[in-house]
Every structure is written in structure tokens, then in C-alpha cells.
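To find a chain, count down the sequence lines: A is the first, B the second, and so on, and within it residues start at 1.
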Number of protein chains: 2
Amino acid sequence: MDENTALVAFGALSNATRLKIVRLLVEAGPDGLPAGDVAKAAGASPSRASFHLAGLANAGLVTADRQARTIFYRVSFEQLGALMAFVLNDCCKGHPIVQACCGQATASC
Amino acid sequence: MDENTALVAFGALSNATRLKIVRLLVEAGPDGLPAGDVAKAAGASPSRASFHLAGLANAGLVTADRQARTIFYRVSFEQLGALMAFVLNDCCKGHPIVQACCGQATASC
DNA sequence: ACCTTAATTCAAGAATCGTTGAAATAAAAG
DNA sequence: CTTTTATTTCAACGATTCTTGAATTAAGGT
């Protein structure tokens, strides 16, 4: 992941509505969720949800595909993983403290 | 790490100058760098560097301590690690693809 | 064709963020 | 106590982002 992509991704994750959407899509699993369901579950108007989904898609953190009239959004674990790798390896030079936090959930983080 | 802290941290990392500062401080090692050196190395005016350092400090991503007239800034690997853990465990529920990206630098991320 | 549902786009205004340069604080030295 | 150095704070302005509601595109059913 290049730096500019990381900057856009960080920006995308820095908003409460968008972070909530990411979590919803993580919960939703591999089939994803229709935009309308995302809006409802996030407590946002359709246009607001669409705006934020577009931001996440622009950052590569979610993908969209249309099935008939409904557009399904899915989270991109690959891109989230790439962002993690960017922080760990590019930013932190693989620093052991940061590395340790990514091990088991039992780590002291 | 709670959600709000994570939001602030993501916002802090979403700016090119601030990300550059984080990298400088990672390079600088445990002694950190004086604010003036950060400004010079980042190619920013003192007030601009101070503004961005304050943003990073507010997010807990850097710490400051004064030694005589100069203020040394250090990166907080703990907070960066906590942010990684937040993404991995809170947001992604420990999803294996994300987990894999945090392993060795040889991972396919 | 017409209607309905799903979602996006647009425009306007509000809110937040970033930059600049000048002024203020902090600490030490002469 | 004045000066110098290090850094922050402040105010103004420009730029970006967010929200809202109305209009628009997209797709399918009647």
C-alpha cells in the first residue's frame, strides 16, 4: 500500500458513521449488505449513507456490486490488512511493541 | 482503546505532514526529537509543526516532555499498537486475512 | 408507458481542519 | 533585568468535509 492510499484510508476511518458502517459490514459477512440496510442499521439517511459508503469505497475499504436494483457493499479485509501492514512495516519499521499487539487477542493492548 | 480514541487517532494519521512526523519520530528512536528538529525535518514552519504535533499528542500517538528549553517528542508505540489491536480485534473481529497481514513482513499484504 | 423501489447525485449551508504570520510564554545566559 | 532561543498560541482566512433535502438515475414490475 502506498502512502497516499493509507492517508485516504485513515481519513475514511476517522468518522464515526463510516467506522460504524465498517463494523456492520464485518458483522454481515461475505455477502455484504444492501446500501439501504446499511443506512437503516447505521441510523443514517440514504444520501448520508451513500456519501459515506462512497468515501469508504474510494479508500478501497469496501467494495460494491449491484444485483438487480440493490447494491451490495462488502468490507475489504484485504485492504484493512494492507493498512495494518502499512502501519506495522512502513510506519513503525516492524517495531516489536506494535507487532505484539497484532498477535493473539490476549496481547496487552 | 475505546472507539472515540480510535477515531481521533485515525484522524491524526490522515494528514501527510502528521504521518511524516510519525515516521521521523519512529526513525529517531527512544530519545525522540526536539520540536524544532521535527519542524525542520518535516519541512514545516515551527507553528505548523507545533499544530500537527499537538494533534498527534491529542490522539496519544506521541508524547512530549520538556528538557530545559527544548521539548522532546517521542512516538508512542504502545498507542500505535493499541490502534492496531482495535482494528484487528474490535473492527475486524480478528478476521484471519487481517491477522495474517500483521504477522511477518513476508505476508502477502 | 407508468409506477415503485433502490440508490446516487447535486446544491446550499454549517462545521471542521489547515496554513500563515505575528504575538506570547518558557527557560536559560549574559 | 535584558536578550536570546525554543516553542506555543492566537486570529484570520482559505480549503475541505459533513449534513440535509430535493432531484436524478437505475432497474424491475404492472
Margin query: Evaluate F77(B) against L25(B) for side chain to side chain contact (heavy atoms under 4.5 Å, CB included), listing each step before the verdict.
Written below: CA-CA 10 Å; F77(B) 289 109; L25(B) 294 179; over 6 Å; no
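Across the protein-nucleic acid pair, I21(A) atom CD1 and dA7(C) atom C1' stand 13 Å apart, rounded to whole Å. Atom pair F51(A):CZ and dA22(D):C1' shows a separation of 17 Å (rounding to whole Å applied). Between the P atom of dT5(D) and the NZ atom of K40(B) lies a distance of 12 Å, rounded to the nearest Å. Atom-to-atom, CZ of R69(B) to P of dA28(C) comes out at 8 Å; the value is rounded to the nearest Å. Regarding D65(B), its CG atom lies at a distance of 13 Å from the P atom of dA27(C), rounded to whole Å. Put simply, CZ on F10(A) is 21 Å from P on dT16(D), counting in whole angstrom units. Rounded to an integer number of Å, the gap from K20(B) NZ to dG18(C) C1' is 17 Å. Here the P atom of nucleotide dG18(C) and the CG atom of L19(B) are 13 Å apart, to the nearest Å.
Across all strands, T70(B) comes closer than 4.0 Å only to sugar-phosphate atoms, never to a base (heavy-atom distances). Base engagement by S47(B) is indicated by at least one non-hydrogen atom pair under 4.0 Å involving a base atom. Among the heavy atoms of the strands, none lies under 4.0 Å from F72(B).
Applying the 4.0 Å criterion to OP1 and OP2 of dC17(C), one finds that H52(B) has every side-chain N and O outside that range. Between Y73(A) and the phosphate of dA6(C), there is no side-chain N or O to OP1/OP2 separation shorter than 4.0 Å. Taking 4.0 angstrom as the limit, R18(B) places a side-chain polar atom (N or O) nearer than this to OP1 or OP2 of dG18(C).
Position along DNA chain D of the nearest nucleotide to I71(B) versus N15(A) favours I71(B) as the more 5'-ward residue. In this structure, R66(A) and G11(B) both approach DNA chain C, and ranking their closest nucleotides by distance from the 5' end singles out R66(A).
Of the charged side-chain nitrogens involved, none lies within less than 4.0 Å of a carboxylate oxygen, so that K20(A) and E3(B) do not count as a salt-bridged pair.
Listed nucleotides dT8(D), dA28(C), dA27(D) differ in distance to S50(B); the shortest reach to its side chain belongs to dT8(D).
Side-chain contact between L7(A) and L19(B): present, with at least one pair of heavy atoms (C-beta onward) separated by less than 4.5 Å. With contacts defined as side-chain heavy-atom distances shorter than 4.5 Å, the pair R74(A)/D65(A) qualifies.
The SG atoms of C102(A) and C102(B) lie 2.5 Å or more from each other.
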